[in-house]
Amino acid sequence: MPAFLNLAEAEAWVAVGLIAFLAIVVYVGAPKKIAAVLDAKSAQIQTDLDEAARLRAEAEAMLAEIRIQREDAEKQAAAMIAAAEADAVRMAHDAQVKLDEQITRRTALAERKIASAEAQAAADVKAAAADLAALAAERMLVSRLAGAKADPAIDAAIAQLAGRLQ
């Protein structure tokens, strides 16, 4: 007979104690409780995995949205830069046109001032020439009249002329 079936042997009592322990564990329902705890833990792990998958999907959606927003922002920035460059070119062209117009106006004004100064100088020269000619004529007449005798009729007519002009 095997040693574990002989009650005189210690191994038999160990086997009986083990069987009794296992019977008590089964009677109390420990396997069901262990299975329930493992099922609950498994459900919790599955819930965590589902939550992690949901969070990952949200994160991927947010990442895709952020990438789209970044692309839109880059497009807007490129459009702004292009518009600014176009404005700069337009402003430079406008400034060049205004500068050309201003130069033309100032050149015309300077030419008018030069023409006015030339006319004034010509008038001054003519006036000075007329004064000089009058002075020369006066001196010539004085020198001719000084040598000639005075006519009393002419002197009387000049005296009457002065009275009539007043």
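Since the structure is predicted, the reported quantities are computational estimates derived from the model, not experimental observations.
Taking 4.5 Å as the limit, every side-chain heavy atom of Ile68 sits out of range of all side-chain heavy atoms of Glu65. Between Lys41 and Ile45, some side-chain heavy-atom pair lies under the 4.5 Å cut-off.
Residue Leu18 is grouped with residue Val25 when hydrophobic side chains (ILVMFWY) are merged at heavy-atom distances under 4.5 angstrom, including chains of intermediate members.
Here CD of Gln44 is found 13.5 Å from CG of Asp39. Values are rounded to the nearest 0.5 Å. One distance of note links CE of Met62 with CG of Leu55; it measures 10.5 Å at 0.5 Å rounding. One distance of note links OG1 of Thr104 with CG of Asp100; it measures 6.5 Å at 0.5 Å rounding. Rounding to the nearest 0.5 Å gives a distance of 10.5 Å between CD1 of Ile81 and CD of Glu74.
With sequence neighbours excluded, the residues satisfying side-chain contact (heavy atoms from CB on, under 4.5 Å) with Leu109 are Arg112, Lys113. Every residue meeting the side-chain contact (heavy atoms from CB on, under 4.5 Å) condition with Glu111, not counting sequence neighbours, appears here in chain and number order: Thr107. Qualifying side-chain contact (heavy atoms from CB on, under 4.5 Å) partners for Gln46, counting only residues two or more places apart in sequence or in other chains: Leu49, Asp50.
Under 4.0 Å is where a charged nitrogen must lie from a carboxylate oxygen, and between Lys98 and Asp94 no such pair does. Salt-bridge formation is detected for the pair Glu51/Arg54: a Lys NZ or Arg NE/NH1/NH2 atom is positioned less than 4.0 Å from an Asp or Glu carboxylate oxygen. The pair Glu60-Arg56 meets the salt-bridge criterion, since a charged nitrogen lies less than 4.0 angstrom from a carboxylate oxygen.
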*Output, in order, the C-alpha distance, side-chain angles, deciding distance and verdict of side-chain hydrogen bond (donor to acceptor under 3.5 Å, both in side chains) for Asp72 and Gln76.*
CA-CA 6 Å; Asp72 288 343; Gln76 287 177 352; over 6 Å; no
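The local environment of CZ in Arg67 is sparse, with at most 12 non-hydrogen atoms from other residues, nucleotides or ligands closer than 6.0 Å.
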